[in-house]
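In listed order, ligands and their atoms are each counted from 1. By convention here, the first residue in the shown sequence is residue 1.
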Amino acid sequence: MRAAVLEDHGEPLAIREVDYPEPGPDQVVVETEACGVCRSDWHAWQGDWSWIGAAVREGQILGHEPAGVVAEVGENVETLRAGDRVTVPFHLGDGTCPHCREGRANNCDAVVPLGLTGSAPGAFAEAFPVRKAEFNCVKLPDDVGFAEMAGLGCRFMTAYHGLADRADLRPGDWVAVHGCGGVGLSAIHVADALGAHPIAVDVREEKLERARALGAVETVDASAVENPANEVKAIADGGADVAIDALGIAETCRNSIASLGTCGRHVQIGLTTGEEEGEIELPVDVMTMQEIDFRGSFGMPLSRYGELFDLIEQGTLEPDAIVGDRLSLEDVPETLAVMDDYGTVGIPVVTDF
Ligand SMILES: [Zn+2]
Ligand SMILES: [Zn+2]
């Protein structure tokens, strides 16, 4: 089968023939119908994350935002069968640690990230295996399409968990979203759907335009103003209640914190680049005196999919609205290259393998 393989960091991914996966006893093999292209793929491609011991090795098949159809079932798997329409979160849990047992595979003690480590080949391929399949596979409702589900992939669900759970979002809150890539636009849409007032901050007009279409009540072009955080404060009656760094660079992280009012909640969703190597200086005294929270947010607990599907069914959430270009597997290397300059709009999804 064909797959997009990381052969050298920074060099275009190779589209080449690889062996079709064999399911282990607890695994299934899923034939890929759609897979989102994400900034995490770009980080992996760049060779980032060595500072947390997680640099992706050469030879890896990337792709971690899939939806597809179960094709092969391991001998111990009873609750899934060929033909089931499924997705999996990018954080494949072991299903047995205390966090997994509480439904929080995103906090698993022995997490295996799909498409980012050797034991979990990714979904930029005609098919991919899923470890602990009964635990990790999520069956799709009939009315959720594959591309829509891939768009829901890591960014939409991360935005949902970040706002609904980690930020304790309340209707009427001002939410400043710094960086309007896939996760940022998802956060705008989710904040609007949950009754908050999202403010979009980015340096590109086409992303701000998309943000307005998705529910941003105000936008700030960070390339055109002296201090984006002050602009947010002027809009949000003294400061945002919730601010999100949806990018993971020092500037957006600090702008996010600086745009908050007293007792504001900063949610860090973006992981940092080779510039920061995981370290960002923060105004600790101001944060202490104003009781500003810094909260990390990573993926989404498996237990939250049901609520997310309900909101989609009701029409409150429309992950389809975030999906950008639909691509073929051959387009993946070039799409990653465009991310060097933050050139993609919305969530590009591979639908042709
Ligand atoms: Zn992703
Ligand atoms: Zn676990």
Side-chain angles (χ1 to χ4, degrees), residues 4 6 13 26 32 34-46 48-49 54 56 60-67 87-117 119-124 128 130-138 147-162 179-187 190 244-248 268-273 297-303 308 319 322-325 327 332 335-336 338-339 342 344 346-350:
L6 171 69
L13 299 190
D26 298 324
T32 320
C35 184
V37 185
C38 178
R39 181 148 293 275
S40 299
D41 298 309
W42 180 88
H43 281 292
W45 176 54
Q46 293 294 306
D48 286 349
W49 304 334
V56 174
Q60 178 73 40
I61 301 173
L62 298 179
H64 62 272
E65 304 187 351
T87 188
V88 295
F90 67 91
H91 37 70
L92 299 173
D94 60 4
T96 55
C97 79
H99 308 295
C100 283
R101 285 205 303 271
E102 289 177 6
R104 291 181 284 107
N106 57 322
N107 301 140
C108 176
D109 288 337
V111 71
V112 172
L114 176 68
L116 299 167
T117 194
S119 60
F124 291 152
F128 63 98
V130 179
R131 77 181 295 224
K132 308 276 177 168
E134 290 189 340
F135 179 73
N136 285 303
C137 285
V138 177
E148 183 181 21
M149 189 62 228
L152 206 153
C154 86
R155 284 159 284 182
F156 198 93
M157 72 177 198
T158 297
Y160 185 73
H161 174 55
C180 293
V183 76
L185 289 176
S186 300
V190 170
I244 292 180
D245 175 11
L247 193 54
Q268 186 68 34
I269 290 181
L271 294 174
T272 69
T273 71
S297 189
F298 185 70
M300 183 182 80
L302 285 165
S303 55
L308 205 50
I322 319 288
V323 172
D325 291 338
L327 312 170
V332 172
T335 304
L336 289 187
V338 169
M339 286 185 175
Y342 305 99
T344 55
I347 295 179
V349 175
V350 181

Check: L92 main-chain N/O paired with R131 side-chain donor or acceptor under 3.5 Å: yes
Of the N, O or S atoms in D94, the one nearest the Zn ion (ligand 2): OD1
Nearest atoms (heavy-atom pairs only) where A120 meets V112: CB-CG1, 3.6 Å
Metal proximity, D41 vs the Zn ion (ligand 1), N/O/S cut-off 2.8 Å: no
Closest approach to the Zn ion (ligand 1) by E65, given as the N, O or S atom name: OE2
Heavy-atom side-chain proximity of F135 to T96 below 4.5 angstrom: no
Aromatic ring pairing F298/H91, orientation class (parallel under 30°, perpendicular over 60°, tilted between): tilted
Short N/O/S contact of H99 with the Zn ion (ligand 2) (below 2.8 Å): no
